[in-house]
Amino acid sequence: MIEYRNVRVALLGGGTVGAQVARLLLEHQEEFASRVGASLELTGIAVRNLDSPRSADLPKELFTTDAESLILGADIVIEVMGGLEPARSYILQAINSGADVVTANKALLATHGTELFEAAERVGAQLYFEAAVAGAIPIIRPLRESLAGDRVKRIMGIVNGTTNYILDKMDVEGSTFDDALAVATELGYAEADPTADVDAFDAAQKASILASLAFHTTIPLESVHREGIREISGKTVELAKKAGYVVKLLAVCERLTDPATGEEGVSARVYPALISREHPLAAVHKANNAVFVEAEAAGSLMFYGAGAGGPETASAILGDLVSAARRHVIGGPGLGASTHANLPVLPISAITTRYHVTLSVFDRPGVLASVAEEFAKHGVSVELVEQGTFGSEAVSGEAAPTATLVIGTHAALESDLAATVSALAQLDAVSSVVSVLRVEGA
Ligand SMILES: NC(=O)c1ccc[n+]([C@@H]2O[C@H](COP(=O)([O-])OP(=O)(O)OC[C@H]3O[C@@H](n4cnc5c(N)ncnc54)[C@H](O)[C@@H]3O)[C@@H](O)[C@H]2O)c1
Ligand SMILES: N[C@@H](CCO)C(=O)O
Ligand code: NA
């Protein structure tokens with residue numbers, strides 16, 4: 001029997017993720033020891049309430065409500081409590097006491113990441129966070145290490161399971177948004193208050209982390225453009241389907257040229273977008289996640305799998321734990337931080353993409369010409385026009401026949417498209433602007 005020295009591991013949080021981290025760590029102790037070259041000793045699990053039910057049968061004596069004492073004696077601290085405070089203070093305490101830290105906390109990283117990374121850099125500690133983006137899917141390490149020698153041009157990610165579940169159910173089964181959300185809540189994907197998921201706060205946090213890593217710069221959460229999926233109706237999904245597209249909530253991070261200055265910048269944004277049914281991201285069903293990366297030399301890569309769940313997220317945490325523990329045994333600098341590119345984050349008005357504009361128009365002569373003229377006037381080139389369903393709308397008490405027009409554009413600058421849409425809304429011929437969706441992944 002080989003005698004290993006101990007690496008002391010403190011676990012902060014014993015909930016959905018924490019209980020599974022503890023279970024797997026205890027169950028596979030021998031395997032971890034041989035992989036790391038040292039025993040990983042779980043010294044305790046800090047929780048808020050000692051008597052809460054757990055998803056795994058864990059030794060009672062491991063639990064404590066005294067997180068600070070647990071941190072003091074640890075070589076590695078795993079933070080799976082969630083929230084900003086006291087998680088932030090505990091991580092700073094761990095770093096300053098010489099421990100490496102593993103966290104799943106995307107909200108904390110997107111809000112206080114710079115402070116935490118600087119603190120870690122000052123004392124030579126490491127901060128690992130594979131579980132914070134797309135759960136089980138390895139994407140942080142590929143960006144930090146495997147692609148460190150390449151130049152990432154663009155990332156398109158489905159990074160929120162709840163919204164993908166809802167949009168997929170609307171697309172595949174024709175469910176309404178409300179019904180799909182109710183099932184997502186029942187299955188435990190969406191929280192009782194689904195705001196973080198549905199209004200894309202969660203996806204924006206992940207976009208900020210991904211874009212910062214991919215472009216070696218700092219992308220503050222406030223500069224991530226964010227639109228949620230509440231406005232996506234069954235009709236929008238149906239029209240998209242007819243046109244060969246699917247609606248997905250996408251986190252898009254890309255390098256682009258500032259149209260105002262000609263300088264290089266980056267964009268990070270989250271919104272529901274149309275994607276061709278031929279694109280690999282269109283095949284991401286249910287609550288799965290996927291991250292599609294386009295790099296200069298590597299070309300297109302796709303990372304796919306479970307973005308959440310106790311054991312799934314624990315897998316990512318434990319991978320980070322093994323890396324941290326190996327560094328502890330062998331030494332070395334670990335992963336280098338590289339956020340010094342200082343690229344400006346450009347506003348949404350600076351992006352260039354394709355669009356589908358859906359209008360309800362009055363069905364009378366000359367309508368098409370007046371609509372087409374607005375696109376031309378603003379320098380937006382039209383690729384296709386489709387006339388859809390007919391209906392009627394009350395105008396001055398009289399029923400007037402209407403038709404749905406879908407106008408697909410070639411790549412256009414967002415500011416030009418926005419000006420076109422404002423002008424279209426003012427036209428007598430236009431009853432209403434039904435939707436404006438960006439088309440990604442040409
Ligand atoms: N659940 C998932 O599928 C998933 C996926 C990816 C990332 N994450 C992230 O993992 C983290 C944990 O998520 P979870 O779903 O396990 O949460 P959870 O609510 O199930 O568990 C939180 C645990 O932390 C403990 N805790 C909270 N505040 C504490 C405090 N002040 N002092 C001591 N203990 C405290 C609670 O007692 C509980 O044991 C979050 O940052 C979350 O964003 C979760
Ligand atoms: N609420 C998140 C959990 C994983 O971060 C989701 O639906 O993807
Ligand atoms: Na991950």
Side-chain angles (χ1 to χ4, degrees), residues 10-22 44-56 58 63-71 78-91 102-111 128-144 157-167 181 184-185 187-191 193-206 209-210 213 229 249 251 286-291 303-320:
L11 184 58
L12 310 182
T16 307
V17 179
Q20 295 304 316
V21 169
I45 309 171
V47 293
R48 219 171 353 210
N49 181 353
L50 293 175
D51 301 319
S52 292
R54 311 278 160 209
S55 66
L58 299 166
F63 288 91
T64 175
T65 52
D66 184 2
E68 297 196 13
S69 301
L70 197 57
I71 294 166
I78 301 176
E79 185 276 308
V80 280
M81 294 179 357
L84 299 185
E85 282 295 351
R88 172 184 154 275
S89 302
Y90 287 166
I91 290 180
V102 178
T103 179
N105 197 331
K106 60 238 159 182
L108 180 62
L109 288 174
T111 316
Y128 299 82
F129 50 99
E130 183 58 77
V133 181
I137 305 172
I139 182 62
I140 300 301
R141 191 167 282 107
L143 286 174
R144 263 179 141 179
I158 294 173
V159 290
N160 181 266
T162 304
T163 46
N164 198 61
Y165 183 84
I166 293 171
L167 292 171
L181 173 58
T185 310
L187 291 173
Y189 296 137
E191 304 291 323
D193 173 8
T195 304
D197 296 311
V198 169
D199 295 323
F201 290 99
D202 174 77
Q205 289 161 359
K206 292 164 178 167
I209 296 170
L210 285 178
L213 280 180
I229 65 163
L249 181 72
K286 305 208 163 161
N288 285 304
N289 283 194
V291 184
F303 302 82
Y304 167 85
E312 294 87 346
T313 308
S315 162
I317 295 272
L318 291 166
D320 280 350

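Values reported hereafter were calculated over all heavy atoms of this structure, with side chains retained and with hydrogens, waters and symmetry mates removed. Whatever order the structure lists them in is the order used to number ligands and atoms, beginning at 1.
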> Is it the side chain, the backbone, both or neither of T162 that has a heavy atom closer than 4.0 Å to ligand 2?
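T162 to ligand 2: contacts from backbone and side chain alike.
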> Which N, O or S atoms belonging to the protein are less than 3.0 Å from the Na ion (ligand 3)?
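Hits for the Na ion (ligand 3) below 3.0 Å: E130 O, E130 OE2, V133 O, G135 O, I137 O.
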> Please write down residue, atom name and distance for the protein heavy atom closest to atom 21 (O) of ligand 1.
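Checked against all protein heavy atoms, atom 21 (O) of ligand 1 sits closest to G15 CA, 3.3 Å.
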> How far is atom 40 (C) of ligand 1 from the closest protein heavy atom, and which atom is that?
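The protein heavy atom lying closest is G82 CA, 3.6 Å.
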> For atom 1 (N) of ligand 1, what is the closest protein heavy atom, and at what distance to 0.1 Å?
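It is V17 CG2, 3.7 Å.
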> Please work out whether any backbone atom (N, CA, C, O) or any side-chain heavy atom from C-beta onward of A131 is under 4.0 Å from ligand 1, and answer side chain, backbone, both or neither.
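For A131, only backbone atoms sit under 4.0 Å from ligand 1.
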> Is there a polar contact between ligand 2 and N289, counting only N or O atoms under 3.5 Å apart?
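In fact, backbone or side chain, N289 has no N or O that close.
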> Mark whether atom 24 (O) of ligand 1 lies under 4.0 angstrom from at least one protein heavy atom.
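Yes.
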> Which is closest to atom 27 (C) of ligand 1 by heavy-atom distance: R54, R48, Q205, E85?
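Answer by nearest heavy atom: R48.
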> Measuring from atom CG of N160 to atom CG of N289, what distance do you get when rounded to the nearest 0.5 angstrom?
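These two atoms lie 7.0 Å from each other.
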> Testing the 3.5 Å rule here: is there a donor-acceptor pair between the side chains of T313 and Q20?
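Their side chains do not contain a donor-acceptor pair, so the 3.5 Å distance test is not met.
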> Verify the distance criterion only: is there a donor paired with an acceptor across the side chains of D66 and T64 at less than 3.5 Å?
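No.
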> Is at least one protein non-hydrogen atom found at under 4.0 angstrom from atom 17 (O) of ligand 1?
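Under 4.0 Å from atom 17 (O) of ligand 1, zero protein heavy atoms found.
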> May I ask which of N289, T16, L12 has a heavy atom nearer to atom 15 (O) of ligand 1 than the others do?
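Nearest heavy atom to atom 15 (O) of ligand 1 lies in T16.
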> Can you tell me which residue and heavy atom of the protein come closest to atom 10 (O) of ligand 1, and the distance to 0.1 Å?
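Answer for atom 10 (O) of ligand 1: A104 CB, 3.4 Å.
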> Which residue holds the protein heavy atom closest to atom 19 (O) of ligand 1, what is that atom called, and what is the gap in Å?
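I find the closest protein heavy atom is M81 O, 5.0 Å.
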> To the nearest 0.1 Å, how far is atom 1 (N) of ligand 2 from its closest protein heavy atom, and which atom is that?
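Minimum-distance protein heavy atom for atom 1 (N) of ligand 2 reads D197 OD1, 2.8 Å.
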> Looking only at protein heavy atoms, identify the closest one to atom 3 (O) of ligand 1 and say how far it is in Å.
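The protein heavy atom lying closest is G309 N, 2.7 Å.
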> Which is closest to atom 12 (C) of ligand 1 in terms of heavy atoms, T103, V80, V133?
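Looking at heavy atoms only, the winner is V80.
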> Suppose we measure from atom 39 (O) of ligand 1 to each protein heavy atom; which comes out shortest, and what is that distance?
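Result for atom 39 (O) of ligand 1: G14 N, 2.9 Å.
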> Which is it for A46 and ligand 1 at heavy atoms under 4.0 Å: side chain, backbone, both or neither?
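Under 4.0 Å from ligand 1, A46 contributes backbone atoms alone.
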> Of the protein's non-hydrogen atoms, which lies at the shortest distance from atom 5 (C) of ligand 1, and what is that distance?
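Result: T313 OG1, 3.2 Å.
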> Answer yes or no: does an N/O atom from G161 fall short of 3.5 Å to an N/O atom of ligand 2?
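G161 vs ligand 2: N/O contact under 3.5 Å present.
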